[in-house]
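Heads up, the thing below is written out as structure tokens.
Along the sequence shown, residues are numbered consecutively beginning with 1. Whatever order the structure lists ligands and atoms in, that order sets their numbers, starting from 1.
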Amino acid sequence: MNYQVNEKGYYGNFGGAYIPEMLVPNVEELRENYLKIIYSDSFQKEFNDLLRDYVGRPSPLYLATRLSEHYQTNVYLKREDLNHTGAHKINNTIGQVLLAKRLGKTRIIAETGAGQHGVATATVCALMGLECIVYMGEVDIQRQAPNVARMKLLGAKVVPATCGSKTLKDATNEAIRDWINNPVNTHYIIGSVVGPHPYPDMVARFQSVISEEIKMQLTEKIKRDHPDYVIACVGGGSNAAGAFYHFLDNEKVKLIAVEAAGKGVYSGHSAATMVLGKPGIIHGSKTMLMQTDDGQITEPYSISAGLDYPGVGPIHANLFETGRAAFVNATDEEALKAVFLLCKLEGIIPALESAHALAHLEKLKAKKNEIVVVNLSGRGDKDLATYIEKMQ
Ligand SMILES: *Cc1c(COP(=O)(O)O)cnc(C)c1O
């Protein structure tokens with residue numbers, strides 16, 4: 001079994017590049033060049049130097065002893081929360097901005113929902129001295145004021161999307177329109193393993209540093225290069241793809257992807273795509289998608305803004321269809337419980353997204369001698385207002 005993308009940009013039945021004619025040259029330019037550039041010596045050196053000195057990698061693999069005691073197993077946390085800007089997203093934006101520079105691009109565009117990807121993009125544009133335009137729904141701009149302030153402080157221009165529901169998908173439409181109008185000097189940084197080929201593969205490769213490090217760190221700590229379980233939350237699926245990547249072909253490792261069940265999978269307020277979705281096309285790729293019977297995309301819901309996405313990356317649709325990864329889910333309430341438990345037992349305040357992965361430990365029932373790695377995708381500072389409100 002091979003879980004990687006094929007020549008045509010497909011993972012099994014999913015993926016591809018379903019894009020308007022006008023975007024073909026931009027996407028083709030990327031497709032023809034990305035592997036050559038990424039695996040050149042000069043790229044690898046610059047990328048790895050920045051991951052080390054700017055992001056702070058390798059991120060620690062921490063044996064959470066009190067949490068392990070609580071669950072009667074061995075829980076290791078992969079500390080992506082300790083990265084510069086507080087999550088895994090920076091691994092990808094650094095990679096894409098270096099690629100854009102080598103393609104001669106001088107202008108970067110991005111879309112953002114909660115603002116986390118916008119901040120990671122604005123950060124690397126400041127680092128590289130590139131012009132940065134972030135499209136964001138007008139409603140999201142109001143809901144996510146601190147991240148809007150961060151982006152502006154970092155020198156980005158935040159452009160409101162004023163059509164439709166004025167949220168993420170409208171911001172995406174604006175970004176695509178911009179890219180069509182500025183094909184020569186502009187690179188579009190997508191923030192997860194979504195979008196037309198080659199984006200899902202490119203983003204997975206940039207995030208694969210997570211599992212590369214887990215392998216080395218486990219070897220060092222326990223003389224074994226793989227755990228029994230890797231657990232990660234899934235919005236678009238980039239932190240999960242990165243945490244799974246180097247274990248995909250090792251069937252001894254059980255891969256568990258946790259989606260957001262919101263107020264309950266069947267409550268009408270959920271983002272559990274694998275349970276509720278059907279194959280469809282979103283953001284230029286064929287994947288699993290929450291939609292109505294006549295193909296309209298359903299509005300997703302989760303307490304965590306980063307998991308509030310109606311699709312998943314095509315790599316995950318294939319891992320689901322082949323059964324290579326188990327797709328489970330956690331509700332808002334279960335995630336909040338996991339937040340408070342990690343705070344109490346380990347002195348770590350996780351992001352709400354990451355708490356969905358932690359919540360699965362309740363149901364996992366791992367054995368005493370088994371090794372469980374949970375990818376702690378981000379820190380909880382951004383979610384403090386929610387935690388204060390829910391704290392008893
Ligand atoms: C954005 C985000 C996610 C969800 O995105 P993926 O592409 O699924 O990884 C998860 N955790 C954190 C902390 C995020 O910021």
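- The heavy atom nearest to atom 3 (C) of ligand 1, considering only Q116, R379, E80, K89, is found in K89.
- Among all protein heavy atoms, the one lying closest to atom 12 (C) of ligand 1 is S377 OG, 3.5 Å.
- Evaluated by nearest non-hydrogen atom to atom 9 (O) of ligand 1, the leading choice among N239, V194, I90 is N239.
- Only one option out of E29, H187, E131 pairs with K105 in a side-chain hydrogen bond (donor to acceptor under 3.5 Å, both in side chains); it is E29.
- Of all the atoms in ligand 1, the ones that sit under 4.0 Å from a non-hydrogen atom of G235 are 8 (O).
- Relative to the six-membered ring of Y18, K286 misses at least one condition, a distance below 6.0 Å or an angle of at most 45° to the axis.
- Polar contact check, H88 against ligand 1: a nitrogen or oxygen pair lies under 3.5 Å apart.
- At a 3.5 angstrom cut-off on N or O pairs, G378 does not count as close to ligand 1.
- Near S192, the atoms of ligand 1 lying under 4.0 angstrom from a non-hydrogen atom of the residue are 6 (P), 7 (O).
- Classified by interplanar angle (parallel below 30°, tilted 30° to 60°, perpendicular above 60°), the ring pair F43/F206 is parallel.
- The CD atom of E321 lies 15.0 Å from the OH atom of Y11; values are rounded to the nearest 0.5 Å.
- Ligand 1 has a nitrogen or oxygen under 3.5 angstrom from a nitrogen or oxygen of G237.
- Residues I388 and L341 fall into different hydrophobic clusters, defined by Ile, Leu, Val, Met, Phe, Trp and Tyr side chains chained together at heavy-atom separations under 4.5 Å.
- Classified by interplanar angle (parallel below 30°, tilted 30° to 60°, perpendicular above 60°), the ring pair F320/F327 is perpendicular.
- There is a side-chain donor-acceptor pair under 3.5 Å between T292 and D294.
- When only interatomic distances are considered, the shortest N/O to N/O separation between K382 and ligand 1 does not fall below 3.5 Å.
- L248 and I210 fall within a single hydrophobic cluster, where Ile, Leu, Val, Met, Phe, Trp and Tyr side chains are chained together by heavy-atom contacts under 4.5 Å.
- Both Y3 and L255 are part of a single hydrophobic cluster, where members link through side-chain heavy atoms under 4.5 Å apart.
- Considering only non-hydrogen protein atoms, atom 6 (P) of ligand 1 sits nearest to S238 N, 3.3 Å.
- In terms of protein heavy atoms, atom 4 (C) of ligand 1 is closest to G306 O, 3.4 Å.
- For atom 10 (C) of ligand 1, the nearest non-hydrogen atom of the protein is E353 CB, 3.5 Å.
- Taking any N or O of C233, backbone or side chain, none lies under 3.5 Å from an N or O belonging to ligand 1.
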